[in-house]
Number of protein chains: 2
Amino acid sequence: MKKRVRDPEQTQRKLVAAAIVLILRQGFHATSVDQICAEAGVTKGSFFHHFANKEALGLAAIAAWAKIGRDAYAPAWHDAVSDPLKRLHRMLEIMSQLTERPEGPCVCIVGMMSQEMALQDETLRDACSGELLDWNQEVAAMLAAAKEKHPPAIDFDPVEVAWFLNSLWQGSMLVGKTRAEPALIRRNLTHARAYLDHLFGTQGRASRKPKSPSRSKS
Amino acid sequence: MKKRVRDPEQTQRKLVAAAIVLILRQGFHATSVDQICAEAGVTKGSFFHHFANKEALGLAAIAAWAKIGRDAYAPAWHDAVSDPLKRLHRMLEIMSQLTERPEGPCVCIVGMMSQEMALQDETLRDACSGELLDWNQEVAAMLAAAKEKHPPAIDFDPVEVAWFLNSLWQGSMLVGKTRAEPALIRRNLTHARAYLDHLFGTQGRASRKPKSPSRSKS
DNA sequence: TTTTTCATACCAACCGATTGGTATGTAATG
DNA sequence: CATTACATACCAATCGGTTGGTATGAAAAA
């Protein structure tokens, strides 16, 4: 007889982890509860013990993904000592590196579920909207701090520019996935850098050929 | 008995039109063939007479959408007399106006199906990839022509910048839909304009109005 | 310590509805 | 007539979700 293991937290974690993997590959609708259970090695009965419905699992997946993101961005976001402009470039560097992971294309579960569910499921839309906002606030805070420390050549609204970067990032992952060309994302990020350099009046080129990414010190 | 109308072309058009409406609202997977048939006022037998399967209809919807797009961009793309840089700004103007339509949020079926299907269905991915490429080539051609006529302040690769604008546009629609804030898209387009002005060395501001001080920190 | 209790983690089997897709028949067209 | 356009009825598979019940472990009771 199989030994029955009781570990509710790990069971939930396994389900959420399986959901993230499958949703990133297939999208939310195309990923069935059965599939998630199989991937997690959990029965369906157990699934619905821990989650009221599929939507609830979606929410948990979004939250877990957000945590992964915060950890990835942490070196740029939560380094109080560095210059804010330097931290901004560091974040762009991190984003660029996310592009090079061999496990698969650079994708975001928030962007995917936004695109798929925003007009259908208000709860999921709100969750995605909130995560996009959180990202934006971090970036806007860095931009605002950078503005204060380095009077920009051209005035701008930090929140507005953060949404600009946010949208570019999401769109780059979308197009990069469809074109199966991660280098495309990196080139877009280089242009984002160039725009920031333009706003702050710092030296930087728009880049014509993909050369070594200039990580000029502020 | 009901009079039976035979108009194969219109039947196909109705099916494609219904598919576009429903997919834009619900995504591809969430839109069933039954639903499409109901919306189009066509029976399922008729559907499968005209389309081999659901994927085939998806392809037709993408193609039809691309035609709609070409018509919308036509004033900017196919005006041989205007200055190419002017045509570029005209296109951005058109994109901005697409944001203001009251029928619903500004969305793109290519971006939606890319995000949902790119890693699942190679045929659909190729179709989306091709449409993104077509858009890009039009924009890249304008950029190249503009470069020739107006020697830019900063050298750049037209194709590369076109992908930058392409990604920004797709990402803006994604975020704009999720945040339910079409003005966000317009502001992003303003920044795109500013970047182009920067590249070409023409006069332009980053944003019209620097707004209230940024706060917001977690 | 040992036994009893009891909420909960977990499971297999099942449910009605819906999915994409077919088989087959009929009516219009050329 | 043959071909094409459309309709009806149906299918197996799968969907999200429910069912009734078993296994478990920690606390309470003995």
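Residue numbering restarts at 1 for every chain, and letters A, B, ... go by the order of the sequence lines.
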Q: Taking only the side-chain heavy atoms of B:R6 (C-beta and beyond), determine which of D:dT4, C:dA9, D:dA7 contains the nearest atom.
A: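 Comparing D:dT4, C:dA9, D:dA7 against the side chain of B:R6, the answer is D:dT4.
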Q: Is the closest basic N to carboxylate O distance between A:E181 and A:R187 below 4.0 Å?
A: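 Salt bridge present between A:E181 and A:R187.
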Q: Given C:dC10, is OP1 or OP2 found less than 4.0 Å from the side-chain N or O atoms of A:T11?
A: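 So the side chain of A:T11 is within the cut-off, an N or O lying under 4.0 Å from OP1 or OP2 of C:dC10.
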Q: Would you list the protein and nucleotides 16-18 of chain D atom pairs, both N or O, that sit under 3.5 Å from each other?
A:
unit_1	atom_1	unit_2	atom_2	d
D:dG16	OP1	A:K54	NZ	2.9
D:dG16	OP2	A:V33	N	2.9
D:dG16	N7	A:K44	NZ	3.0
D:dG17	OP2	A:K54	N	2.9
D:dG17	N7	A:K44	NZ	3.2
D:dG17	O6	A:K44	NZ	2.8

Q: Send over the distance from A:D7 CG to D:dA23 C1', rounded to a whole Å.
A: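 Between C1' of D:dA23 and CG of A:D7: 15 Å.
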Q: Under a 4.0 Å N-O cut-off, is there an ion pair linking B:R125 with B:D121?
A: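 No, this pair does not count.
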Q: Whole-Å distance between D:dT14 C1' and A:Q35 CD?
A: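 These atoms are roughly 11 Å apart.
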Q: Any side-chain heavy atom of B:L132 within less than 4.5 Å of one from B:W163?
A: yes
Q: Taking only the side-chain nitrogens and oxygens of B:H49, find out if one of them lies under 4.0 Å from OP1 or OP2 of D:dA5.
A: yes
Q: If only atom types and distance count, is the side chain of A:Q115 paired as donor or acceptor with the main-chain N or O of B:L174 below 3.5 Å?
A: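 Side chain of A:Q115 to backbone of B:L174: no pair is present.
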Q: Kindly say whether A:F156 contributes a backbone atom to a donor-acceptor pair with the side chain of A:E160 at under 3.5 angstrom?
A: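 The answer is no, because no donor-acceptor pair under 3.5 Å joins these two groups.
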Q: Rounded to the Å, how far apart are A:F51 CZ and C:dA9 P?
A: 12 Å
Q: Rounded to whole angstrom units, what separation is found between the NE2 atom of B:H50 and the P atom of C:dT22?
A: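 Distance check: B:H50 NE2 to C:dT22 P gives 16 Å.
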Q: Any residue in residues 13-25 of chain B with a heavy atom nearer than 4.0 angstrom to DNA chain C? Just list them by number, or reply none.
A: none
Q: For B:V21, enumerate each residue passing the side-chain contact (heavy atoms from CB on, under 4.5 Å) test, keeping only those at least two apart in sequence or located in another chain.
A: B:R25, B:E39
Q: Do B:R90 and B:M142 make a side-chain contact, defined as non-hydrogen atoms from C-beta onward lying under 4.5 Å apart?
A: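 Side-chain contact under 4.5 Å: no.
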Q: A:L143 versus A:L196: any side-chain heavy-atom pair under 4.5 Å?
A: yes
